[in-house]
Amino acid sequence: MILVLLVVLPLLGAIAAALSGRRNAQLPRVIALGTTVLTAAVSIAALVQLLGDHDAMFAWSYTGEPGMVVFRLVGDGLAMPFVLLTALLGIVAVLASWKIDDAPGAHHALLLSLQAAVTCVFLAGTLLLFYVAWEAVLIPMFFLIGKWGHENRRHAALKFFIYTFAGSALMLVGLLVALTYTGGGAIGDITVPIPADVQVWLFWLLAAGMLVKIPAWPLHTWLPDAHVEAPTAGSIMLAGVLLKIGGYGLLRVAIPYAPEGFKAAAPILAGLGIIGIVYGALMAFAQSDLKRLVAYSSVAHMGFVLLGISTGTALGFAGAVLAMVSHGLVAGLLFLLVGSLYERTHTREIARYGGLAAQVPRWATLFTFAALASLGLPGLSGFPGEFLAFIEGFGEFGWWMIPAGIGVFLAAVYNLSAVRRVNFGPLAGEWSSLADASTVELVAALPLVVAIIVLGVAPGLVLRLTDPVVRGITMILGGGS
Amino acid sequence: MSLLAGNPLSVVALPFALALLIAAGGKKFVSITQWLAVVAPVAAALAGVGVLASSVPTAAQDVAWLSQGGSVVTAGLAIDNLTAVMLVIVGVVATCVVVFSIGYMADDDARPRYFALLALFTGAMSMLVMASSLVTLFIGWELVGACSYLLIGFWYRKPSASAAAVKAFLTTRIGDVGMLLGLALLWRVTGSLSIPEVLAAAPEIGAGIVTVIALLLFVGAAGKSAQFPLHIWLPDAMEGPTPVSALIHAATMVAAGVFLVVRMWPVFEVAPIALDVVLVVGVVTAFFAATVACVQLDIKKVLAYSTISQLGFMFAALGAGATGAAMFHLTTHAAFKALLFLGSGSVIHAVETQDIREMGGLLKKMPVTGTTWLIGVWALSGLPLLSGFFSKDGVIASVLHAAPLAGYALIAASLLTAFYAFRVTWFVFFGSYRGSAHPHEGGLVMTAPLIALAVPAIALGYFSAPFMQSLGHEAEALDPVVAGVSVTVAVIGVLLAAALYRLGVDRLETERTSLGPVHGVLFSAYGVDSFVTRFLVAPLEKVASWFYEVVDRKVIDGAAEGTAKLTMLFGRLASGLQTGETDVYASLLGVGFVVLMSIAIWLGR
Amino acid sequence: MPVWMINLADIGWLPAAVAAGGAVLGMVADMGGRVRLGLRLVSAALLFASLLCLARAVVPEIPDVSSVTQVFDVILIGNGFSGYAFVIYFLGFLSVGTGLISVREASRVGVAALIALGSVAGQVLVGAFDLAVLFVSLEAVALVGYALVAAGGTDRSDEAAARYFVQGAVATALTVYGLAVVVGLGGGGTGFSGMLDGLATLGPQAALLGTMLLLTSLAFKIGVFPFHSWAPDAYETAPPAAAAFLASGLKVAALGAFIFLIGRAFGPAVLSGLNPALADTLAPLTVIIAGISAASIIFGNLVALKQTSVSRMLGYSGIAQVGYALVGISAVIPGATLFAATYAFGVACAFLSIEALQSAMPEWDGSVAGLAGAGRKHPVAAFALAVSMLSLTGIPLTAGFWGKALAFLGGLEAELLWLVIIGVVGSVVSFGYYGRVIRSLYIDASQEAGESDGEESVAGSQSATVWPAVVAAIIIIAFGTIPMVTGLDWVSIVFGM
Amino acid sequence: MSALVLCAAVFGLGLYVVLTRRELIAVLAGAELMLGAANVQLVSFASMSGVPGESAQALALMVLVVAAAEVGVGMAIIVTLSRRSARSRTDDLQEVNG
């Protein structure tokens, strides 16, 4: 029952925020914050319950009708880290949009419904619910970008929607094919395995939507436009959580339903991942717009996730999960900072910045910290995931890891050059009266910083959760190491 | 003592905690908290001494850091004699540097950040040396790099400082990527990253693969220890505060490369080709760095190139298989080079400039700094009775046995070492003061560390026997022939420097003209730096922006937006069918039926 | 359930009679000059008829198939058909419920009566098991269609009606020719079963010609690709409320007939059981239908992208939507029937909200861009339009999603993966034009600078016509979310799958 | 056999008239011609096949009724067109397109 709460609570909060929005601007913010904090508490309770009976896959499903079970929530080790990440970023997103005064009620309502939809994706127990929640995520995001975005938000919102919708439409065909074969509709109970020749093209159908969402290399061009135009809270949720349902979908649906297809596709996926790492880093280095730089860095980070998944080994999957959770935290923090800076300077041109460390020391320290985490400095959350993806990738694909190594170096290049151009050097004249990060922003950033450090020092916390599920997946893949 | 020695984790956790405390303390409590920064290195030193005294290595505190589905990546810490020696070095030097910094950085307003980073560095360095798994070593390795980045770029307002910081991190990062590839290859071949297991499995790995692993690890070491061609970052790293240069860029971090090779010695042992490469790189770096040092005019740049050259000596010894000699030279070098750097720090503090042409006659004005500097320079040049003589002799002897030609190059390098060492000494400490400031000796807090470091610089030479035993090597006797040759060569160097000094200070000016083109080459360190910026860094920016403008915006994004425009175009074409004429519609109906009918018939045949 | 109510509902033809009676009474009231009363009478009759049908489908006590009225083999109350009948009558009720403000005062009750009679003809068409009845009801539906378009009362609507009429006449001629071949040559009588035996006696080409000709009129009525030319003009010029019924009620009836004719009578699944020889002579039918479906999806979506007027865009998107319906038609799982119902509600809701918006914003020229800022000024109507757009695209949590999912599932069942993929890509392209409507409603700021934020929508006239759109929108959302929890079983009961 | 040829010919003629003539009324006449031809065809086929075709005859009667209704509606539309905008030719009915 606790799982349903996780999905329903934000929805109720959304409705309350929307209704209260009419009267005054402050009420929806308080409601939104209350709801997200409550949801976080519930998700922690769910975690405790999961840890109680270790590899319990406690599920809740309304199976009134004997026919196709549609609404079934499953909270297991693989889903839980992402659910917690969503709850945490939900709070950060609400705090990040504290000063939104253009229809705050609607804004917070959309944020909460986005969070509910994403949580539902992670907890989805049936193929149809997985798809429905996957699509439901698009609507609030479309309006968030469209209504509260920046200059050419109209184009970005439509492009984001159609691009992702195209991918997920193909995924729908894949899901329906899987449904026709397995009938049950509940994720995981594949009574009769799908014939191998079908699996080959079924994997690509299923993976289509996910590769767009991750984003894998050639399918990434919607990301920078969507990020640059999205409001701060939108970017945080978009980068922090929306990119994860792609990787999660691969592990949860694409691989179990089409293992043979996955094995055939693994080298291509690895190739796309590696290109993503190098390409994303190169693009980030070439950017003059700060938010676009962070967007392309997401492409680079998610390249590691794809690489980790394509190895097909238990540690590879673990690396992918770690990289995803860490990217959620790091990208969330980066977008929070970039957003808060934009609110005060109204420009994202890196060239106009310089020497901010002197003027806004707290902001600058957080930005340097986030950049170091983003380049995968050990001791911070970025390192374990990328390290595992790297060594397991080497185990499977050998010297193809050299370009990935170049990507690791380029990550340091663009991150540090961004820090230097923004923080160091002489203070740019026009920012002499710039205010430092406000307390609300610091309170929002604090949990992210702590989580980044904790996850960097002790990744075992997450790995302990995902172990049983990952073992199951590797079993399906034929007892890969 | 035993608490610290027995429990390596505390030796790492304590500095991190202290760093947090210092940072949290902020400006108000800095005058108190800065002393906390001293506690961290002291703890490290005590732990080292504890193990050395009892010579009982502590059991490894291993933990399954990353485990999933049966395969495990362990992380852990342990202290054996080699680690203990490094801990003592790091501990002693760091303590002196922190104490010195309290005086040196007295009037800087960002002291909490400075001392917090120093504590953080000590923690990271001790993690690096105490690592019992390659993963922990790599973590320490990169954290040390990050601290050096933050400390070089400490005075971030100076654009040159922030550029140097980025350059340092990126160049060492190239080495780290090489090392990462080595780790990955080890993981694939041996299935584990814990050092004891890897070293045990080393002999069975195929000759080819083990050579590649050794070379990759050496790339990492070369990056961190600034060996050719990855040395370009060290001279620029002098932008950081001088105590930082003393700690990080003279004694500890740069020595990590040597430590890595010694720690992973069983792997290098079975890879002779790799050892030859190490030897060649070591000798090349030693000689060329020494030549460049001879024409530098900035006191810290001289010392920086001297460090690169001395590290070249150590790697040459490693290449020749003499890990004991290399470690002994590393230890003595740490002592006298840190002393020289702190000495230069106290000089710069006094005369507010780093250009030796505006100094002179400081021996009289700053007696303590002067005398300790003389001790340091005496040891650096390998003159008899001080530690440099013994350790350098061991290095040159082992290299001569292994490769005579390399030995001669090293001897030439030691001549140049003596020359540049005393060239600086004559012009800074003798003659009359040419600068405009009024130099005076720093407070006790600055002079005490100098004296403290002078002691090991003098005495260490005589402890080579116990030092070698603790590292498990038998102590060779001093080779009289080699000793004689190296002393004479050192004396020649000194005399040459004296001759140069005799010709007066303007002689430094005319150096440029008299040496002609050679001077330009030497001064710019063979143009390696400008080569890199022109042929590697600048093109990267151009390639990146071309890729962005053309590939991303036009090709990939173009394809996405293009399909949308294409569908719109087809829409306009297809709508042509709706002309509005009634007869067209009716005929469309008729023709449509006929077409469908014929298809049906054709299919049904 | 009281006994008298059961036998009352038991009478098969009662809903039809009620609707027709309502129409007549309405006309009488109109003659007396009481337009409001007339409208209310017709809508009350339609509502009652729809509830009757719903009762038949849902309430178990009322026996279903047994009491099929066998007059001319027309199933007025068969299990699957009462669900359909409910949809047709209810949509008729909603259309009339708007008060038909966009139609001229004089002919308002006339159009309402037409809608009522159209729904009766629709019910008969869906339930027809006899060629004669099929033909007559189909032509009745067609005639009502011409009249509804002509009801626009503008030059443009007259022109569209004329063209529609000409094409309809040609299609009817072709159909009669088909009847001639099937009934005449075959000689098996007009009942479906007799027809099949008759067809079997014909040679393969003749049988094929006969069935193809028969299908032409149905294909023309549902506006599939080669026979689609009338649809865009008709929807653009017809008054929105009339277009609502034309696009939903009448089209659903024709689609239902098409599905049952193909699915039940000629469908491979059925035929191979009865008469394998005939099955393979008619095999090409499935290929043709798949071809038509693909062509409609591609053509409909492409041209809709170019449109600026919302109604005309809905016309073209209607062509594509029918294409989706045909994807799952030859499969056992009747995805097509559910799709027809969900599509009907979607397009009806769209036109009803256009009706509401037009009466609230007289200055609106019917264009997508003209809707800018309407989300803020007329929140209720805009919400209904947005929901209809999402449902027509097939976004989850709306009824449209279940329709499409099952239609495509049917397509996969019939091994038509390529067609399903075209269908899916088509729905993605469809958001290109449906999304633009939502975007202009909510995201674009309205053009007039002085538009003050606080000014609420004009309460008076606007609220009068908006409730039908809202009811349709609520049904769409209910259809979309409830199956999320309960699964699709109760839906299949209503539609007798 | 001759009935088949005759009806088909008349049907073709009707179609030709619909496609080529510009005046609406002529087009309407053409359509009715096609309908009539098809009707006759229906009856002739029934008699040809020898099976007692009473259902065919009944059907033919129904087609006649439908045709009549159709003409009624058709003429109504044509009359409103000519009265309201004085247009009776198909080539001036091209306003609604695209």
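All heavy atoms count here, side chains included; hydrogens, waters and symmetry mates do not. Residue numbers begin at 1 in each chain, while the letters A, B, ... track the order of the sequences.
- Residues of residues 74-82 of chain D that come within less than 4.5 angstrom of chain C, heavy atom to heavy atom, are G74(D), I77(D), T80(D), L81(D) in numerical order.
- With a 4.5 Å cut-off on side-chain heavy atoms, V18(D) and V170(C) count as touching.
- Of all non-hydrogen atoms in V96(D) and R163(C), the two that sit nearest each other are O-NH2, 2.9 Å.
- Taking R21(D) as the reference, E23(D) meet the salt bridge (Lys or Arg N to Asp or Glu O under 4.0 Å) condition, with sequence neighbours excluded.
- Sparse packing is recorded around CD1 of I25(D), with 12 or fewer heavy atoms of other residues, nucleotides or ligands lying under 6.0 Å away.
- In terms of non-hydrogen atom pairs under 4.5 Å with chain D, the most contact-rich of Y146(C), F135(C), Y316(C) is F135(C).
- In this structure, chain D has no heavy atom under 4.5 Å from any part of A147(C).
- The contact between A162(C) and chain D is made by backbone and side chain atoms together, counting heavy-atom distances below 4.5 Å.
- Remark: side-chain polar atoms of R84(D) are not paired, donor with acceptor, to backbone N or O of D158(C) under 3.5 angstrom.
- For A8(D), the parts sitting under 4.5 Å from any heavy atom of chain C are the backbone and the side chain alike.
- Pairs passing the salt bridge (Lys or Arg N to Asp or Glu O under 4.0 Å) check and including a residue from residues 108-124 of chain C, sequence neighbours excluded, read E105(C)-R108(C).
- Residues F11(D) and L174(C) form a side-chain contact, since some pair of their non-hydrogen atoms from C-beta on lies under 4.5 Å apart.
- Note that OG1 of T172(C) is 9.0 Å distant from CD of E32(D), once rounded to the nearest 0.5 Å.
- Interface summary for chain D: among G178(C), A161(C), G153(C), the most heavy-atom pairs under 4.5 angstrom belong to G153(C).
- Taking every heavy atom of both residues into account, M62(D) and V136(C) meet most closely at SD-CG2, 3.7 Å.
- Residue-level contacts of residues 230-237 of chain C with chain D, in order of numbering, are D233(C), E236(C), T237(C); threshold 4.5 Å between heavy atoms.
- Rounded to the nearest 0.5 Å, atoms CE (M34(D)) and OH (Y177(C)) are 10.5 Å apart.
- Considering all non-hydrogen atoms of both residues, A173(C) and A38(D) come closest at O-CB, 3.8 Å.
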